[in-house]
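First the proteins, then the strands, lettered A, B, ... as listed; each starts at 1. The structure presented is a predicted model; accordingly, all values stated were derived computationally and were not measured.
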Amino acid sequence: MSETTQTFHKLGRLRTRPEFLFVANRNGRSKYAAHPTLIVQMRKHATRETGINCGFTATKKIGNAVVRNRAKRRLRECARSYLSHLGQDGHDYVFIARQTTATCDWQTLCDQTQKALLRLK
RNA sequence: UCAGAGGGUCGGGUGGCCGCGAGGUGCAAACUUCGAGGAAAGUCCGGGCUCCAUUGAAGCAGGAUGCCGGAUAACGUCCGGCGAGGUGGAUGUGAAAAUCUACCUUAGGGAAAGUGCCACAGAGAGUAGACCGCCUUGGUUUCAAGGUAAGGGUGAAAGGGUGUGGUAAGAGCGCACCGCUGGUUUGGCAACAAAGCAGGCAAGGUAAACCCCAUCCGGAGCAAGACCAAAUAGGGAUGGCAUUUGGCGGGCUUUAACGUCGCCAUCCGGGUAGGUCGCUAAAGACGACGGGCAACCGCCGCCUUAGAUGAAUGGUCACCGCUCAGUAAUGAGUACAGAACCCGGCUUAUAGACCCUCUGAUAUA
RNA sequence: CGGGGUGUAGCUCAGUAUGGUCAGAGUUCUCGCCUUGGAAGUGAGAUGUCAGAGGUUCAAACCCUCUUGCCCCGA
């Protein structure tokens, strides 16, 4: 545990629209894994070699502001739990919420996050 | 006790583990305090605040409001009253009308300032009108001329209503009551109400049709705006002189004042990415007392209560509440919904719980 | 956050300036005729809570108010 905390003091965040589009670009070297409760996109960062950045997205289609906020919070909690030891160094991740993200069982959301991260590794 | 209507209040709690944002202390590690709503929503109104150089005066255009009085910073909001309409009850009656009372609703100025519209049907739809009917005269079989708005029929609406006199038949043609209009008196701050007088039936509906009248409104909005500042383009800022004429500068016009377009001197910055401020203590919340029918106001005490910017305020587990189902064990559900400059309202969404008032049913006394 | 537009047959749209006869056109669909059969043509028919609710009016797709869906624009 101490090694992981040494390597990743804090997860960086994707903030601007170009960063999200860079990770989502299918023509480049991005990968993605889709599950019923969430979608994870990953791409190696252009210049930086170490550190992990992540971003969270919830579209208007999945519900009103309360549902979208809840979905993003749950995704953020999943990322905090698993990304530090399952994520690859020097890559960026984007978590996309689906309609079941806010309402589904917490354990299934954790399982599917783990599966998605392992598949992308 | 149950059901319904109206109004008001609240709208889960405790703990463990792991986290987030802001403030404070600290060199740091860390510790500590605080951290969504009644609608934060829709953006439908009204303000504060900021900029538009100045936002002065008059008018036009445009928009909004619209019974009266009050509250308020202001409002299209709120409170009280008036008129109108509806429902229930009582009096009243053969039945009604009418009167009184309780509750609810109400965008409710002006239709004798003017214009427009009133389809279809109907004889006639707004300076009335003769289809049937009724009456008179002529002819006397059909019918023709005239009078007539009582009756029929059409229509959402047929040009006061009921009764009586009158008449060839009728008609406000006369009269009584009701309605209407005008002015008077009384009550009321007023809207308006009541009383009695006069007129003599003219004046249909529609202004959420144009319009008229009264009152109010400059525009844009925190992505306003101010400051620090990579890049890029071009000059920019300050001071002095001149400011006669002219041009430009509010949605438009006129007018008043002003700014700028000119010359000279001095100085060096400029402001996009990014960052900082604006940014939360305010028409503030709570409680007592006093004034007021009330909205609300005054005074005193006490408290400080989010401030993010791809956007914190959480995730998860356990227990307890509450509701429903079930004898029980137990199971299911626990709403609507997330601040983005800040206030006052309106509208819309909302599981469930509690309180007050009224109505009905049942039970008991 | 602020500003604007729009919703009518399964689809694409008229009709709303001035409320009434009027809810209509093209396309689609159904059934005939034509053809050996199909397409095209031709004749007849079907299809609507005028986005929802309330109000004004004798009368509302149209006027007024509120709600809702979709689309566009500004930095």
> Could A:E77 and A:R74 be called an ion pair, given the rule that one side-chain N must be under 4.0 Å from one carboxylate O?
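Looking at A:R74 together with A:E77, the answer is no, because their closest N to O distance does not fall below 4.0 Å.
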
> Between the main-chain N or O of A:T103 and the side-chain N or O of A:R70, is there a donor-acceptor pair closer than 3.5 Å?
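No: the side chain of A:R70 does not pair with the backbone of A:T103.
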
> Find the distance between CG (A:L83) and CD (A:Q114) and round it off to the nearest 0.5 Å.
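Going from the CG atom of A:L83 to the CD atom of A:Q114 covers 12.0 Å.
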
> Which value, in whole Å, describes the distance between the C1' atoms of nucleotides B:rU33 and B:rU334?
32 Å

> When Watson-Crick pairs (N1 to N3 and N6-O4 or O6-N4) and G-U wobble pairs (N1-O2 and O6-N3) count only below 3.5 Å on both distances, what is the dot-bracket string of RNA chain C, with | for other-strand pairs?
(((((((..((((......[...))))((((((.......))))))....(((((..]....)))))))))))).

> May I ask which nucleotide in the shown strands pairs with B:rG85, Watson-Crick or G-U wobble, both distances under 3.5 Å?
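B:rC104 is the nucleotide pairing with B:rG85.
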
> Work out how far the P atom of B:rC178 is from that of B:rA98, and round it to whole angstrom.
14 Å

> Judged by atom type as modelled, is there a donor-acceptor pair below 3.5 Å linking the side chain of A:Y32 to the main-chain atoms of A:V94?
no

> Mind listing the closest non-hydrogen atom pair of A:C104 and A:T37 along with its distance?
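Of all heavy-atom pairs spanning A:C104 and A:T37, the closest is SG-CG2, 3.8 Å.
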
> Once you apply the 3.5 Å cut-off to both distances, tell me the Watson-Crick or G-U wobble partner of B:rU238, or none.
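Here B:rU238 is engaged in a pair, and the nucleotide opposite it is B:rA265.
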
> May I ask which nucleotide in the shown strands pairs with B:rC78, Watson-Crick or G-U wobble, both distances under 3.5 Å?
B:rG70

> Give the rounded distance in Å between these two atoms: CG of A:L75 and P of B:rG310.
19 Å

> Quick one: look up who B:rU181 pairs with, Watson-Crick or G-U, both distances under 3.5 Å, and put none if it's unpaired.
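Matched B:rU181 with B:rA198 under the 3.5 Å cut-off.
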
> Across all strands shown, which nucleotide pairs with B:rU255 by Watson-Crick or G-U wobble geometry, both distances under 3.5 Å?
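Pairing partner, where one exists within any strand: B:rG56.
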
> Going by purine N1 to pyrimidine N3 plus the second Watson-Crick contact, or the G-U wobble pair, all under 3.5 Å, which nucleotide sits opposite B:rC346?
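Because both required distances fall under 3.5 Å, B:rC346 counts as paired with B:rG42.
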
> Go ahead and name the base partner of B:rG338; Watson-Crick or wobble counts if both distances stay under 3.5 Å, otherwise write none.
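Paired with no nucleotide.
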
> Can you tell me the pairing partner of B:rA311 across any strand shown, Watson-Crick or G-U wobble, with both distances under 3.5 angstrom?
none

> Shorter than 3.5 Å, N or O on both sides, protein versus nucleotides 306-308 of chain B: list them out with atom names.
none

> Spell out protein contact along nucleotides 311-316 of chain B as letters: B when the base is contacted, S when just the sugar-phosphate is, - when no protein heavy atom is under 4.0 Å; keep the 5' to 3' order.
S-SBSS

